[in-house]
Amino acid sequence: SPYTSTTTPYDYPYILLFNTFHHLLPGLITAWTYGKQAVAWEALTDQQQLDRVINTLTKMFNQPPPPVVRHAVSRWASDPYALGSYSATELNHEDDMEVLKTPLGGGRLVLAGEALSETNGTVHGAYLSGIEQAGKVLKMLKEESEREEEKTKTKNFNTIAKL
């Protein structure tokens, strides 16, 4: 086995996540690395990455996949416009998402985005996270408005009482 006691999960030579898109194009499959493994894999050539994908599929199905007609490799971590593009929760850091969702600056700054989505999705995850965080902002504004309204009522009552 290529996975030894000295191999870290980031050096693991197999793909841990595949996705198929048969509804778009029959036979289309994507292979995903994430976290530190993705950064480590960026140093591999396109052919080395393809070989690892084929090795993973061969190991999964006990036979080689059909010949690859075409392949493409992205290097999101080194793309200056993406800088990683996808988020992935590191082992033992599952609570980090809740920390990042906590409003800052007395509730004046609320973070949202794909990395804060329970669905671990890209665009839809960012959208859902935005909806969730917007709900927190609306709740905070409503509570603030109610407090101000109560202050105004108290002030008006005190003014009337003085008359």
Side-chain angles (χ1 to χ4, degrees), residues 3 7-46 48-50 52-53 56-57 60 70-160:
Y3 189 69
T7 305
T8 69
Y10 317 119
D11 298 326
Y12 194 60
Y14 297 111
I15 296 290
L16 302 176
L17 176 63
F18 284 99
N19 201 348
T20 59
F21 295 92
H22 289 289
H23 62 287
L24 296 175
L25 182 65
L28 176 63
I29 185 171
T30 60
W32 299 59
T33 57
Y34 48 90
K36 293 178 182 174
Q37 183 188 36
V39 175
W41 276 47
E42 284 206 13
L44 301 175
T45 66
D46 290 8
Q48 287 171 319
Q49 289 192 30
L50 178 60
R52 286 187 177 196
V53 168
T56 302
L57 292 170
M60 286 172 61
R70 184 174 57 216
H71 75 281
V73 174
S74 63
R75 289 180 169 76
W76 295 104
S78 59
D79 180 325
Y81 299 107
L83 296 177
S85 187
Y86 301 107
S87 63
T89 304
E90 290 279 346
L91 187 61
N92 299 320
H93 288 271
E94 294 81 10
D95 295 336
D96 290 354
M97 186 184 304
E98 290 307 314
V99 172
L100 290 171
K101 287 181 177 182
T102 303
L104 304 167
R108 298 293 180 197
L109 176 62
V110 178
L111 303 175
E114 175 268 335
L116 302 180
S117 168
E118 298 292 333
T119 65
N120 291 323
T122 53
V123 173
H124 71 281
Y127 174 78
L128 293 172
S129 171
I131 296 289
E132 177 185 353
Q133 294 297 78
K136 288 180 184 180
V137 169
L138 290 173
K139 181 181 177 193
M140 180 203 64
L141 290 173
K142 181 180 178 195
E143 290 169 354
E144 186 177 298
S145 175
E146 289 170 353
R147 281 192 303 274
E148 288 300 317
E149 186 177 321
E150 191 58 38
K151 283 181 188 176
T152 301
K153 285 180 184 178
T154 301
K155 183 179 178 182
N156 288 344
F157 177 78
N158 289 339
T159 302
I160 293 170

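In this chain, residues are counted from 1 in sequence order.
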Heavy-atom check, side chain of [X] versus side chain of [Y], under 4.5 Å:
| X | Y | answer |
| --- | --- | --- |
| V53 | I29 | no |
| H71 | V73 | yes |
| D46 | R75 | yes |
| Q48 | R52 | no |

Distance check, rounded to the nearest 0.5 Å: [X] atom [atom1] versus [Y] atom [atom2]?
| X | Y | atom1 | atom2 | answer |
| --- | --- | --- | --- | --- |
| T154 | E149 | OG1 | CD | 10.5 Å |
| D96 | L116 | CG | CG | 10.5 Å |
| L44 | T33 | CG | OG1 | 9.0 Å |
| L104 | T102 | CG | OG1 | 7.5 Å |
| E146 | E143 | CD | CD | 7.0 Å |

Intermediate values then yes/no, salt bridge (Lys or Arg N to Asp or Glu O under 4.0 Å), E148 and K151 | CA-CA 5 Å; E148 288 300 317; K151 283 181 188 176; 3.5 Å; yes

Closest approach of [X] to [Y] (non-hydrogen atoms, all atoms of both residues):
| X | Y | value |
| --- | --- | --- |
| W41 | Q49 | O-NE2, 2.7 Å |
| E42 | A77 | OE2-N, 2.6 Å |
| S129 | G113 | OG-N, 3.0 Å |

Check the surroundings of atom CG in N156: do more than 12 heavy atoms from other residues, nucleotides or ligands lie under 6.0 Å from it?
->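 Enclosed: over 12 neighbouring heavy atoms sit under 6.0 Å from CG of N156.
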
Residue list, side chain to side chain donor-acceptor pair (under 3.5 Å) with Q133, at least two apart or on another chain = K136

Which salt bridge (Lys or Arg N to Asp or Glu O under 4.0 Å) pairs, counting each pair once, include a residue from residues 103-113, with sequence neighbours left out?
-> R108-E144

Sidechain N-carboxylate O distance under 4.0 Å for K101, E98 | yes

